[in-house]
Amino acid sequence: MSKGQVLKRALLGRVMASSELEHTLLPKVLALPVFSSDPLSSNAYATQEILLVLGLVGASALSNVIPISIAVALLLATVVVSYRQTVRAYPSGGGAYIVAHENLGMYAGLLAAAALLIDYVLTVSVSIVAGVDAIVSAAPSLADFKIQLVVGFVAFVTLMNLRGTKESGTLFAIPTYGFVLSIYALLVTGFVKCLGGCPLAESAGTHLEPEHALTLFLILKAFAAGTTALTGVEAISNGVPAFRYPQSRNAATTLAMMGVMSISMFLGISWLANQTQVVYTEESSRTVVAQIAHAVFGGGFMFYVVQAMTAGILILAANTAYQDFPRLVSILAQDRFMPRQFMNRGDRLVFSNGIVILAIVATLLVIIFDASLNSLIQLYLVGVFISFTLSQSGMVVHWRRSGEPGSKHRILINGFGAAVTGIVFLVVVTTKFLGGAWIVVAAIPFLILLMRSIHAHYADVARQLAHPDRRPLDRRVGNHTVVLLVESVDASVARAVGYLRGIRPREAMAVTFDKSTATGFRRMAPDISLTILDDAQGTTEAIREYVARVRKKIPREDFLTLVVPELHKARGLWEIVRRPRLHRLKASFLDERDVQVIDVTVMHADIDPEVDESQEVARNYVVVLVSGLHNATLQALEYAKTLNPTDLWAVSLGLDPIATEKLGDEWMGYRIPVPLELEESPYRDIGHSLVRYVEQFGADGRDRVVTVVIPEFVVDKMRHQVLHGQTALLVKRHLLFERGVVVASVPYHLEDG
Amino acid sequence: VDFSIGRERLFGALGVHRTQDRWLFELQVWALSKGISAWLCNLEPYEACHVAGIVERLFIDPQHGLIEVSLSDGTGTAVAQWGIRRPTPELALTPGTAVVLDGVAVIGAHGEFVIREPTFETDSFPDVA
């Protein structure tokens with residue numbers, strides 16, 4: 001294990017096997033803080049947002065906070081009840097994307113997905129900036145380091161989430177439950193004190209100059225501001241698969257618990273704000289919750305507890321987004337709307353790529369907006385209400401289609417939810433558009449177009465891989481011409497010569513740039529013709545030209561392979577890095593059509609001076625790495641057949657059960673005369689699993705060789721490369737230093753769609 | 001600096017071995033709960049057996065018309081083998097699947113136990129947490 005890996009293990013913990021996935025599932029007591037820190041934390045500022053708008057009318061209008069809060073609470077209750085129906089109807093996770101996609105069509109699904117993705121990024125940025133604001137309020141000397149603090153907290157929450165869902169849930173449970181308990185303590189104490197006459201807040205009686213009349217628009221604006229209390233409510237419906245079994249029942253219970261807590265805290269804070277006569281303006285130095293806590297606890301120990309817990313939960317509200325964003329992008333990747341790498345689970349069984357991307361985008365947003373909460377919050381809420389409305393509308397269609405008993409009643413609940421959240425969406429867009437919501441409104445179509453174009457690319461790739469006209473021809477031993485690159489006469493070249501003799505090509509030829517190596521090579525392999533190339537135009541270019549000339553001469557059905565011998569002194573990345581020219585050469589041949597590359601590597605320690613390394617290989621076990629059955633795999637199988645194999649297998653590692661069953665079924669359906677072996681990759685590392693697999697052959701590189709044939713897709717455009725995992729590259733890196741293992745890359749070129 | 005010592009300590013502290021041992025133990029407890037007649041390491045050839053294990057590998061050999069799985073119960077391994085026919089319910093025995101088998105074990109070409117054409121039932125391996 002390298003030092004880098006030791007550090008990684010120390011930071012993230014041990015690698016978890018896929019079989020441990022069930023152990024990472026959350027009990028309700030941990031699921032609540034993991035998925036509800038965002039909606040619960042919004043109680044810290046929802047009442048304040050209402051008072052801020054009502055304050056424009058003057059102090060007399062502040063009492064309207066009660067009816068507006070009741071309206072928001074009713075909306076919250078409606079949304080919670082609606083989502084309870086959703087989690088029961090979609091036990092495998094019923095986020096807005098899935099519900100909208102299934103019931104309203106692809107574009108509605110993509111609209112919901114785009115809205116949610118933006119919302120999750122904003123949740124991270126807004127909540128951590130809000131938390132840091134609270135810290136800076138307490139310690140103004142830190143104001144100059146605000147951005148650094150935000151980035152530091154983003155990194156901390158990211159690291160904790162990379163350690164695993166359960167681990168982050170356990171850590172973040174303390175501040176979440178701490179916040180809930182401290183707010184309940186505040187409410188109970190405040191209620192008891194109010195029985196004998198309520199204490200007044202420090203801002204009570206502050207005169208507010210009326211700037212507006214109390215119009216319907218202003219009331220709607222105050223209502224829209226209060227609906228921040230609803231942010232994150234959908235998180236549980238997205239995260240059902242993270243719950244312990246029975247998943248949907250546990251998710252529905254957790255949703256109800258979150259709803260009861262949120263509504264009671266929100267109404268309690270609004271009631272106490274009204275009773276203590278809090279006045280809040282943008283110039284206020286203390287938040288509404290802080291003012292109430294100061295009035296109720298008289299600035300004592302409990303006041304600081306409430307403040308500390310509020311700061312804590314505001315920062316950790318980001319955790320909800322860290323749970324749902326990676327899960328959503330993994331679902332989108334499964335549906336081919338996002339790069340497939342987002343489907344991969346990391347060392348700790350979380351969707352690490354999604355977590356890292358979320359952290360990067362949220363950090364960029366914070367930097368662009370200079371960690372200004374007022375600017376960032378204007379972008380918030382638009383996405384929330386789009387996803388609410390689409391999800392509820394989708395559920396109406398779902399119940400209509402299902403025709404289950406009681407579906408009329410359910411249609412009514414979800415229909416009411418859709419109508420109300422739809423209206424609130426219009427209010428939010430109208431009132432926040434110029435403040436910054438236009439950025440979100442403009443970004444959503446861009447994201448939809450991006451996802452649509454990713455999907456079109458994958459569909460095109462699938463079509464090309466299955467196209468009957470591009471199915472490879474039937475090939476046999478002898479349908480193969482080989483060009484050997486000779487840079488020096490050493491053990492690696494000798495082994496490559498032995499390998500070439502073993503595969504019985506139609507013709508084998510060698511090229512070199514160095515006249516001094518010619519004599520030695522001719523002595524070693526008199527049966528292989530050697531051409532000395534001129535490297536004036538560069539070695540890579542000279543070899544490419546030579547290979548292109550050979551390609552034109554040989555029959556179309558023949559494979560043409562460039563064999564690259566490599567002698568390594570040590571294992572590890574440094575060995576690869578120190579010879580960039582050779583690796584550039586191999587990489588450049590991936591772009592060449594109808595040319596394959598074989599790597600014959602020898603470790604210095606494996607060389608025996610007593611043995612003729614160039615002797616013909618006696619046993620060549622050929623293994624074709626398979627991830628699915630398509631033209632690229634068929635071409636690799638044809639290629640493998642021309643290597644004169646002693647035995648030929650296809651092996652597939654680490655596919656999920658559905659893909660495994662499908663591959664097995666197709667393998668028999670296509671009548672492929674090659675045995676297929678399907679094995680687990682317990683730690684989702686195909687490179688390591690393949691190394692363990694080839695070890696069983698006991699290859700020594702002289703008598704006994706294992707050739708691993710790797711089919712590789714090659715796309716025309718650079719931007720399309722990010723849509724395809726670089727699995728082949730990683731696998732090759734692992735196999736490069738294995739004794740007796742020869743790696744063959746068989747590129748399959750995809751046309752630009 | 002001998003990093004291997006630190007590495008062993010680190011692994012020990014991270015509980016790698018403990019988790020693997022616990023998984024094997026739970027696997028055996030689960031196999032027992034299925035009323036097995038023998039552990040895979042103690043199979044008697046040519047006698048009817050009722051065994052349980054986790055599928056480690058699925059092998060399809062269209063040329064010989066065979067489909068086989070290797071399974072482990074934490075004590076040993078055995079191979080179950082069927083002739084390919086349509087439909088092929090054995091394809092559901094993907095790696096990682098828990099399975100309970102009834103059949104007769106024979107000795108395979110490499111000395112391993114092979115249970116030919118056993119009846120089988122998939123099961124879910126319980127949560128080890």
Side-chain angles (χ1 to χ4, degrees), chain A residues 1-3 5-10 12-27 166 244-245 347 626 647-683 689 693 696, chain B residues 1 3-20 22-24 26-27 30 54-72 74 82-98 110 122 124-129:
Chain A
M1 196 157 62
S2 68
K3 287 176 194 173
Q5 284 170 316
V6 170
L7 180 67
K8 191 178 172 190
R9 292 282 74 79
L12 302 184
R14 66 179 176 85
V15 186
M16 292 177 82
S18 302
S19 56
E20 292 178 82
L21 184 61
E22 208 162 304
H23 315 160
T24 66
L25 298 182
L26 299 167
K166 217 171 185 176
R244 272 203 188 154
Y245 295 101
D347 287 352
V626 171
D647 274 312
L648 170 60
W649 283 275
V651 64
S652 180
L653 299 159
L655 286 184
D656 64 62
I658 295 168
T660 302
E661 206 172 331
K662 182 171 173 265
L663 178 59
D665 194 52
E666 286 176 347
W667 201 262
M668 294 190 300
Y670 271 72
R671 301 174 191 181
I672 294 172
V674 175
L676 169 67
E677 196 158 348
L678 298 132
E679 289 205 12
E680 260 193 310
S681 179
Y683 296 97
S689 301
Y693 181 82
Q696 67 181 316
Chain B
V1 179
F3 279 103
S4 63
I5 296 171
R7 183 182 64 185
E8 287 310 310
R9 279 197 193 136
L10 183 64
F11 272 144
L14 296 172
V16 172
H17 304 300
R18 196 165 57 85
T19 304
Q20 284 170 341
R22 196 172 64 173
W23 189 83
L24 286 173
E26 292 292 339
L27 178 57
W30 166 80
I54 297 285
V55 174
E56 291 186 332
R57 155 186 170 272
L58 171 65
F59 185 69
I60 300 164
D61 186 351
Q63 275 183 312
H64 297 99
L66 283 178
I67 186 163
E68 64 178 45
V69 298
S70 300
L71 65 149
S72 162
W82 297 266
I84 296 180
R85 65 184 80 81
R86 292 289 197 177
T88 320
E90 294 82 15
L91 285 178
L93 298 177
T94 55
T97 307
H110 306 289
T122 56
S124 59
F125 185 57
D127 188 0
V128 187

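As a basis for the values below, the full set of heavy atoms in this structure was taken, side chains included, without hydrogen atoms, waters or symmetry mates. Numbered from 1 within each chain, the chains take letters A, B, ... in sequence-line order.
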Considering only heavy atoms, which portion of B/Q63 lies under 4.5 Å from any heavy atom of chain A: side chain, backbone, both, or neither?
->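 The answer is the side chain of B/Q63.
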Taking side chain as C-beta onward, heavy atoms only, is B/E56 less than 4.5 Å from A/E679?
->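 They are not in contact (no side-chain heavy atoms under 4.5 Å apart), so the answer is no.
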Beyond-backbone contact of A/T660 with B/L58, side-chain heavy atoms, under 4.5 angstrom =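 In contact.
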For the atom pair OG1 (B/T94) and NZ (A/K662), what is the distance rounded to the nearest 0.5 Å?
->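 B/T94 atom OG1 to A/K662 atom NZ measures 15.0 Å (nearest 0.5 Å).
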If you round to the nearest 0.5 Å, how far is CG of B/D61 from CH2 of A/W649?
->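 Those atoms lie 10.0 Å apart.
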side-chain contact (heavy atoms from CB on, under 4.5 Å) partners for B/R86, two or more places apart =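 B/R86: side-chain contact (heavy atoms from CB on, under 4.5 Å) contacts with A/D665, A/M668, B/T88.
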What residue, out of B/I60, B/I84, B/I67, has the most heavy-atom pairs lying under 4.5 Å from chain A?
->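 The candidate making the most pairs under 4.5 Å is B/I60.
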If you take all heavy atoms of A/P675 and B/P62, which pair is closest and at what distance?
->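 Shortest heavy-atom contact: CA-CD, 4.1 Å.
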Answer with side chain, backbone, both or neither: which region of A/L663 has an atom nearer than 4.5 Å to a non-hydrogen atom of chain B?
->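 Contact with chain B involves no heavy atom of A/L663 at all.
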Side chain, backbone, both or neither of A/V674 within contact of chain B (heavy atoms, under 4.5 Å) =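 For A/V674, backbone heavy atoms alone lie under 4.5 Å from chain B.
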Quick one: list whatever passes side-chain hydrogen bond (donor to acceptor under 3.5 Å, both in side chains) with B/E90, sequence neighbours left out.
->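 B/E90 satisfies side-chain hydrogen bond (donor to acceptor under 3.5 Å, both in side chains) with no residue once adjacent residues are dropped.
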